[in-house]
Structure formats: C-alpha cells, structure tokens
Amino acid sequence: MITLALSKGRIFDETLPLLERAGIAVDPASADSRSLILPTSDPQLRLIIVRATDVPTYVRYGAADLGVAGLDVLLESGSEGLYQPIDLGIGRCRLCVAVPRGFDYVQAVRRGARLRIATKYVESARRHFAGKGVHVDLIKLYGSMELAPLVGLADGIVDLVSSGSTLRANGLIEVEDVLPISARLIVNQASLKTRAQPIGALLAAIEAVLAAGARP
Ligand code: PRP
C-alpha cells in the first residue's frame, strides 16, 4: 500500500482529474465526505487529507510516501528528506509583493526605507528582499494578510495572487513578482527505495498524463 497526501481545496480538486487520467479513480461520495483516509480504485494506493502546510511533514516522516504541495509551501518547509520529481502544473498562481494603492513602493525602496512586510511566506520573502538588498522587517501571519497594511500592521504584504480579486477588494496592488508557483509531487526519499515498484509506476503514469498535455 502506498499513501499520497493531499490538501482539500484547489490541490485536491485539480489532482483528482490528473489521477483519473492516470487510471486511478476516487469514489465521489468518499471524496465529498469528511473522511481523512480515502481509498482509490487502485487497491495499492490510498489518499490522506491533511492541511496544505502539513503535506511535507507527512511525507518527510514517511507517514505518506508521496504528497502534492505548492512550491510556496515547499520553500517554507525546506526539502530535507524529500524528492521532488514532478511539477504537476496545477494550482498555478504567483507569490508577489503588494501594497496599498497610495503607497509609493519604488520610492520607499529607493530611499532605503526599512519596510514592514507581513506574510505567511517568511523564507521566500526573506530571500526575495535579501536578493534585492532591501531592508525589511518581516511579520509572520497565518492568513488574511491583505488586512495588515489596511490597519497599520505593515507597509505591504508578500502573498499568493491568483485572480487578483482579493487584492482589488482590499485596495492593494501588486508591485513586484517574487515567484511563479505551481504544485509539485513530492516523494519520501526512503519510500522511493523501499517501494520503488509501485511508486515508480505511479510517477510514470502521472508523467505520461502530463506529457500528453492532458492538464486540467
Ligand atoms: C490565497 C491568498 C489570497 C487569495 C488570492 O488565499 O492568500 O488571499 O488566495 O486569490 P485571488 O488572487 O484569486 O483573490 P487562500 O484562499 O489560499 O487561503 P489562505 O488565506 O488560507 O492562504
């Protein structure tokens, strides 16, 4: 039996059709249930449902052999013990710097102002600003980042943007790209050796689906 860790939401919704094209189906009734362990049509593969930020943890400790996680999550968790063989091309969005519409970000950076940036993505933000030589104080938040500049907690945010509607709804604008994001398949390095056959077969089936261009 091999175990694949997924988070509910976009990753789950976009991974299931990929698996289906690879010949692995999940019963819709169990997919919609609150159950956290889901069987698949392949008796050798089950899915477990975990929080997005916990996917690398389950895979790193071998509680899941494989997982699907956004690059945003992987960069925060580090890649120790994880093999990252496939960009699934799903869950696409971008990590970017956003500020209130009236805030002159370019001018603030040019003056060498010390910016306060609120984000859930502290590691990626630190790397981004260090690379540009911009001084920042990073404030770690766990959600609703868009609120921080509106109530004076921060000058700006580093957050994921997909349609841009959350930024617009809160009077924020993107001022800088940090990183394009997509979901990656990750594999426990030990599982790759001890369960080479079923994992290899699953990777090959998924790669064939992606090569055929049959992305959701
Ligand atoms: C993400 C992100 C933004 C929103 C962007 O949050 O943090 O808030 O999506 O999407 P948009 O550009 O299409 O409006 P998510 O819904 O993943 O929840 P989170 O706050 O828990 O990260």
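Remember, it's 1-based here, ligands and their atoms both numbered in the order they're listed. Values in this document were obtained by computation on a predicted structure and should not be read as measured data.
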Straight-line distance of Arg127 CZ to Leu75 CG, nearest 0.5 Å: 5.5 Å
Run through ligand 1 for me and note each protein residue having a heavy atom under 4.0 Å from it, chain first, then residue number. Lys120, Glu146, Asp159, Leu160, Val161, Ser162, Ser163, Gly164, Ser165, Thr166
Is any side-chain heavy atom of Leu4 less than 4.5 Å from a side-chain heavy atom of Asp65? no
List for me each residue that meets side-chain hydrogen bond (donor to acceptor under 3.5 Å, both in side chains) alongside Arg126, sequence neighbours excluded, and say none if there are none. Glu123
Approximate separation, where rounding is to 0.5 Å, of Cys93 SG and Leu160 CG: 4.5 Å
Sequence neighbours excluded, every pair satisfying salt bridge (Lys or Arg N to Asp or Glu O under 4.0 Å) that has a member inside residues 130-150: Arg114-Asp137, Lys132-Glu176
What residues join Ile186 in its hydrophobic cluster, counting side-chain heavy atom gaps under 4.5 Å, either direct or through other members? Ile37, Ile48, Val50, Val55, Tyr58, Val59, Leu74, Leu82
